[in-house]
There are 2 protein chains.
Amino acid sequence: MSIANSLTVDDLGSAAQRDRRKRILDATYELASEGGFDAVQMRAVADQAEVALGTLYRYFPSKIHLLVSALGREFERAEALLREKPIPGDTAAERVIFVLKKTTRGLQGDPHLTEALTRAFMFADSSVAHEIHSVGMLMTSMLTHAMHPGVTDLTEDDVAIARVIGDVWLSALVAWVTGRSTAAETGAHMENAVHLLLRD
Amino acid sequence: MSIANSLTVDDLGSAAQRDRRKRILDATYELASEGGFDAVQMRAVADQAEVALGTLYRYFPSKIHLLVSALGREFERAEALLREKPIPGDTAAERVIFVLKKTTRGLQGDPHLTEALTRAFMFADSSVAHEIHSVGMLMTSMLTHAMHPGVTDLTEDDVAIARVIGDVWLSALVAWVTGRSTAAETGAHMENAVHLLLRD
DNA sequence: GACATAATAGGAACACGTTCCACTTCGTCC
DNA sequence: GGACGAAGTGGAACGTGTTCCTATTATGTC
């Protein structure tokens, strides 16, 4: 009993909280992946994560926070994947397009999930500013890394260009998830924008 | 009575519908201007427009349609205003920045309204594609007009540049209405982007 | 081990977008 | 001017995000 207890104590504590948080984000991910934004219903997330509704709201104060946090986790994964291998391409433009296409392809492979996460990102207000900022930084960092691999002291122009590309990427993604443009148009538009911005 | 009837027939008919539509959009505008997206409640709009809830939904099938239509009306006004006078500035970049700043200043003068309309625009799905497309075309046309006043045969690059600037503008607006960046940052970012894209 | 505090469960209740229905009024056609 | 379909009214009802409350369980302290 004491052993069981000590084990329990080890497994629970803040580990229990990490576990709950993970279960919640996993449930969010799964529901979003199956049915998009509308399918991520707070009661459904709570049920699937085996957590009470009140607990869900204790961990994530709103549906938007929940989805943006899930988006953040996805971006961290994508960024980690990108860091594993050097980015192919001889010019900054080629490398940036590679990163954009790879990331976009990943997102478009799971349209419902992407719809849910993009919607949430676009609908967030200032109370989610912190989470949004993390995602924005990750995106900018992915892009500057593609532009100048290994370089740490970036010029203001580099950062500005990365931000503009990020803006275009977001807009294109929104147009795509809302069914206003096709995947091909999205890709072409992003490629255009990169060539306009990185003429080297 | 027959005179009254004929008058009534003239005043009502589709004129009554135009009037209802206008009252609804006016109510939307006023509520949005006072309290933003959340304050535009369908029951409140219906009350203020002196229209039944079912009638409101007959004219605009969702809150998003309603707000995007209101946004469209605002853009038409802004575009008409711009067409009145020639755009000052010696270079394309100067003229584009003038247009962006003027339009943005107009929007930022009514933050709640802008928040409501931008939210709706970003949250729209494919069922609102038609209305969104109108707004997008207006924006692109305003920007190409600023780049090349009076020119009608634009190159693909011109249109692509206008679209990228539009994307940046939207992203900046979203960041601003969601409290993630200040008006000054928004302006600076847009100015940066224009200079990156229009180096003439 | 007993207790104080915090976290969770379970679920009722509320708000607002949306749908639906029964009834009335309007516009049109004979 | 009577009949008929379309449009409008008024309001109930439903779904889902969010809040709130009480009972129960876990955690940390003496």
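Quick caveat: nothing in here was measured; it's all calculated off a predicted structure. Chain A is the first sequence line, chain B the second, and so forth, proteins listed ahead of strands; every chain is numbered from 1.
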**Message:** Taking any heavy-atom pair under 4.0 Å as a contact, classify A/Tyr59: base, sugar-phosphate, or nothing.
**Reply:**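 Here A/Tyr59 touches the backbone only, sparing every base.
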**Request:** Establish, for the pair B/Lys63 and B/Phe123, whether the NZ or CZ atom is under 6.0 angstrom from the six-membered ring centre and no further than 45 degrees off its axis.
**Result:**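 That pair does not qualify as a cation-pi contact.
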To the nearest angstrom, how far is [X] atom [atom1] from [N] atom [atom2]?
X       : N      : atom1 : atom2 : result
B/Asp47 : D/dG10 : CG    : P     : 10 Å
B/Asp19 : C/dC26 : CG    : C1'   : 15 Å
A/Arg58 : D/dA26 : CZ    : C1'   : 13 Å
B/Arg20 : D/dG8  : CZ    : C1'   : 6 Å

Would the distance check show the side chain of [X] and the main-chain N or O of [Y] forming a donor-acceptor pair, the cut-off being under 3.5 Å?
X        : Y        : answer
A/Arg180 : B/Ala129 : no
B/His65  : B/Ser127 : yes
A/Glu115 : A/Phe37  : yes

**Asked** How about A/Glu84 and A/Leu81: do any of their side-chain heavy atoms sit closer than 4.5 Å?
**Response** yes
**Asked** Are side-chain heavy atoms of A/Ile87 and A/Pro149 found at a separation under 4.5 Å?
**Response**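 A side-chain contact under 4.5 Å is absent here.
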**Under 4.0 Å protein heavy-atom contact, by nucleotide of nucleotides 12-25 of chain C - B base, S sugar-phosphate only** = -B--BBBB------
**Item:** Under-4.0 Å side-chain N/O to phosphate OP1/OP2 contact, B/Thr55 with D/dA7
**Value:**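 So the side chain of B/Thr55 is outside the cut-off, no N or O lying under 4.0 Å from OP1 or OP2 of D/dA7.
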